[in-house]
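Structure record follows, encoded as structure tokens.
All figures in this text were calculated on a predicted structure; none of them were measured in a lab.
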Amino acid sequence: MTNKHNKILGNFGEDAACNYLKNKGYTIVARNYSIRGGEIDIIAQSNNCLTFVEVKTRQTADFGVPAEAVDYRKIEKIRHVIEHYLSTADYNGDIRADVVEVYGTLELGRFLVSEINHIENIIS
């Protein structure tokens, strides 16, 4: 796959993850929050918990499940972004980091979602 194809697929996956989270009662606070050294795909809030969401989109699990791409190095980057965000935001509630795995196919310029897995609290 080309980088352009991966970017398109990733954007569709993030849109699907946002819709999924909204349907679960979350409010989307920010998308693609980036700082030097890292980015978080979605920041969402539900009740008194601010959730930092890494979205991983795949067409198949042939090379492993998407969450496996969130390794130690990626978790450290997520921690860094969370720390930065909290240092600039007026927020005092609970926080959590999640992964949303999105499976689907890209057909004729449309993304057809086949499955979404929400893995909560990836950082202990």
State, to 0.1 Å, how close [X] and [Y] come at their nearest heavy-atom pair, and which atoms those are.
X      : Y     : result
Ala69  : Arg58 : CB-NH2, 3.5 Å
Gly25  : Ser46 : O-OG, 4.3 Å
Ile116 : Ala16 : CD1-O, 4.0 Å

Practice task
Step through the shown structure and confirm whether more than 12 heavy atoms of other residues, nucleotides or ligands are within 6.0 Å of CG on Asn121.
Solution key: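 Yes, enclosed.
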Practice task
Run the numbers on Ile82 and Ile95 for side-chain contact (heavy atoms from CB on, under 4.5 Å), then give the verdict.
Solution key: CA-CA 9 Å; Ile82 290 171; Ile95 62 166; 3.9 Å; yes
Practice task
Among Ile, Leu, Val, Met, Phe, Trp and Tyr joined by side-chain contacts under 4.5 Å, find the other residues sharing a cluster with Leu112 and list them by chain and number.
Solution key: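 ILVMFWY cluster around Leu112 holds nothing else.
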Handout entry: His118: partners by ring-ring contact (aromatic ring centres under 6.0 Å, His included), with sequence neighbours left out
Key =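 Only Tyr20 meet the ring-ring contact (aromatic ring centres under 6.0 Å, His included) criterion with His118.
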Problem - Qualifying salt bridge (Lys or Arg N to Asp or Glu O under 4.0 Å) pairs with a residue from residues 16-25, counting only residues at least two apart or across chains - result: none
Of all residues at least two apart in sequence or in a different chain, which pass the side-chain contact (heavy atoms from CB on, under 4.5 Å) check with [X]?
X      : answer
Ile8   : Lys4, Phe12, Leu106
Glu83  : none
Asn117 : Glu101, Tyr103, Glu115
Glu14  : Arg31, Asn32, Asp41, Val55

Which value, rounded to the nearest 0.5 Å, describes the distance between [X] atom [atom1] and [Y] atom [atom2]?
X      : Y     : atom1 : atom2 : value
Ile43  : Phe52 : CD1   : CZ    : 5.0 Å
Asp98  : Cys49 : CG    : SG    : 7.5 Å
Ser114 : Gln59 : OG    : CD    : 9.5 Å
Ile28  : Thr51 : CD1   : OG1   : 9.5 Å

Exercise for the section: Using a strict cut-off of less than 4.0 Å between a Lys/Arg side-chain nitrogen and an Asp/Glu carboxylate oxygen, indicate whether Lys56 and Glu54 qualify as a salt bridge. Expected result: yes
Exercise for the section: Would you mind reporting whether Ile122 and Val70 have side-chain heavy atoms less than 4.5 Å apart? Expected result: yes
Handout entry: Heavy-atom check, side chain of Val53 versus side chain of Val99, under 4.5 Å
Key =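 Side-chain contact under 4.5 Å: no.
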Practice task
Could you tell me which residues satisfy salt bridge (charged side-chain N to carboxylate O under 4.0 Å, His left out) with Glu39, sequence neighbours excluded, listed by chain and number?
Solution key: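 Glu39 satisfies salt bridge (charged side-chain N to carboxylate O under 4.0 Å, His left out) with no residue once adjacent residues are dropped.
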Fill in the blank from the handout: By side chain to side chain donor-acceptor pair (under 3.5 Å), Thr105 pairs with (sequence neighbours left out) Glu107
Completion exercise
Contacts of Lys77 meeting side chain to side chain donor-acceptor pair (under 3.5 Å) (sequence neighbours excluded), chain-then-number -> none
[X] with [Y], same ILVMFWY side-chain cluster at under 4.5 Å:
X     : Y     : value
Ile35 : Tyr91 : yes
Ile42 : Ile78 : no
Ile75 : Ile40 : yes

Practice task
Not counting sequence neighbours, list each pair that qualifies as a ring-ring contact (aromatic ring centres under 6.0 Å, His included) and has a residue in residues 21-45.
Solution key: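 For residues 21-45: Tyr33-Tyr85.
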